[in-house]
Amino acid sequence: MSKRLTLPGFVNAHSHAFQRALRGSAGSGDFWGWRESMLDLAGSQTPASVRESYEGVYREMLANGWTAVGEFHYLGLEEALAAAEAAEAAGIEVVLLYAAYGRGGLDRFRQSSPAAYLRRVEELAGKGLRVGLAPHSVRACPRDWLEEIGRYAAGSDFVLHVHADEQPREIEECVAEHGLRPIQLLGETGCLGPRTTVVHATHANDRELDLIADAGARVCLCPTTEANLADGFAPVERLVERGIGICVGSDSNVRIDPLEELREVDGIARRQMLRRDLFSAGDLLCFGSDEGAAALGLDEWPEVAVDLGHRSLSGIDESDVPCALVYGCAGDVFATD
Ligand SMILES: [Zn+2]
């Protein structure tokens with residue numbers, strides 16, 4: 001057996017495991033066209049299909065260095081339990097980010113009221129599962145839902161994850177309905193706090209990023225998915241200027257490789273700034289592990305072992321391994337035994 005280097009495991013702060021099945025389909029116009037395919041797929045899921053396919057996706061995550069995952073789940077309660085079983089069978093740490101869905105989407109996504117939603121969250125937590133609050137988005141949650149969930153979050157220890165500003169249309173619709181942009185609405189309804197993770201924030205303006213910074217909230221970037229879905233470029237320079245914590249997720253799971261997510265974050269910075277030093281390799285590795293764990297409320301999670309004999313590290317001094325990982329390796333560099 002070749003030499004190993006142990007590192008903190010990578011923490012996947014945002015996953016929808018069932019969407020992995022869409023990787024074999026090509027483009028569909030824009031994000032909204034893709035969403036139709038995704039909704040068709042979501043509608044066909046059962047507890048049995050979730051139990052089987054999620055285990056496969058989670059095993060793939062583990063094989064590529066993700067040792068914990070936040071599963072942002074909107075397929076219903078029985079399927080949430082099946083997802084937790086799949087994670088246990090695969091051996092990955094999971095936090096079920098159980099989605100509140102008040103309108104739109106499919107029937108199966110929706111609860112009858114915020115109170116009914118919060119009962120579901122408590123039911124899952126009562127079974128000993130790690131759970132987080134996840135008002136899906138300002139599209140799916142009316143203002144009174146956000147207010148009730150925000151109030152509940154403030155009085156609990158749960159983390160709160162929410163999609164925001166992934167696409168310009170979502171912002172236009174939110175401004176038309178509320179006179180506020182999505183992250184402003186999250187701020188006004190009590191959904192922005194130090195345990196909040198805003199997923200994407202791709203089209204957030206400066207005012208919205210200031211609100212995230214002032215709240216001590218984080219942003220989860222999912223750059224391989226954001227590229228695949230034609231979302232846009234993450235505002236990495238403006239996140240760094242404000243000292244906003246960054247974590248990463250594999251989201252649609254079109255790719256399952258933490259090193260590729262981190263390299264994409266760094267690549268956006270380099271292309272946009274014409275500079276190579278916005279992030280150090282250490283910063284990027286921290287986004288992939290510690291920041292993701294903090295976003296999920298995890299104090300402990302398993303480590304990963306780098307296979308120093310792997311061909312992609314040939315000729316690399318041990319002291320240069322962190323850089324070589326993020327700039328020149330894929331997830332197969334991690335030992336799986
Ligand atoms: Zn998502």
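Since the structure is predicted, the reported quantities are computational estimates derived from the model, not experimental observations. We count ligands from 1, going down the list as the structure has it; atoms in each ligand are counted the same way.
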Qualifying residue for side-chain contact (heavy atoms from CB on, under 4.5 Å) with Gln19, from Ser252, Ser250, Ser37 |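 With Gln19 as partner, Ser252, Ser250, Ser37 yield a single side-chain contact (heavy atoms from CB on, under 4.5 Å), made by Ser252.
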Would you confirm whether the ring centroid of Phe279 sits within less than 6.0 angstrom of the ring centroid of Phe287?
->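 Ring centroids of Phe287 and Phe279 are less than 6.0 Å from each other.
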Does His16 bring an N, O or S atom to under 2.8 Å of the Zn ion (ligand 1)?
->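 So His16 does bind the Zn ion (ligand 1) by this criterion.
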Would you say His14 reaches the Zn ion (ligand 1) with an N/O/S atom under 2.8 Å?
->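 It does: His14 brings an N, O or S atom closer than 2.8 Å to the Zn ion (ligand 1).
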Find the distance between CG (Leu284) and CG (Asp266) and round it off to the nearest 0.5 Å.
->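 If we round to the nearest 0.5 Å, Leu284:CG and Asp266:CG are 5.0 Å apart.
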Kindly give the atom name of the N, O or S atom of His163 closest to the Zn ion (ligand 1).
->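 Restricting His163 to its N, O and S atoms, the minimum distance to the Zn ion (ligand 1) goes to NE2.
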Verify whether one side chain among Glu261 and Thr224 offers a donor that lies under 3.5 Å from an acceptor in the other.
->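 The answer is yes; a qualifying pair exists.
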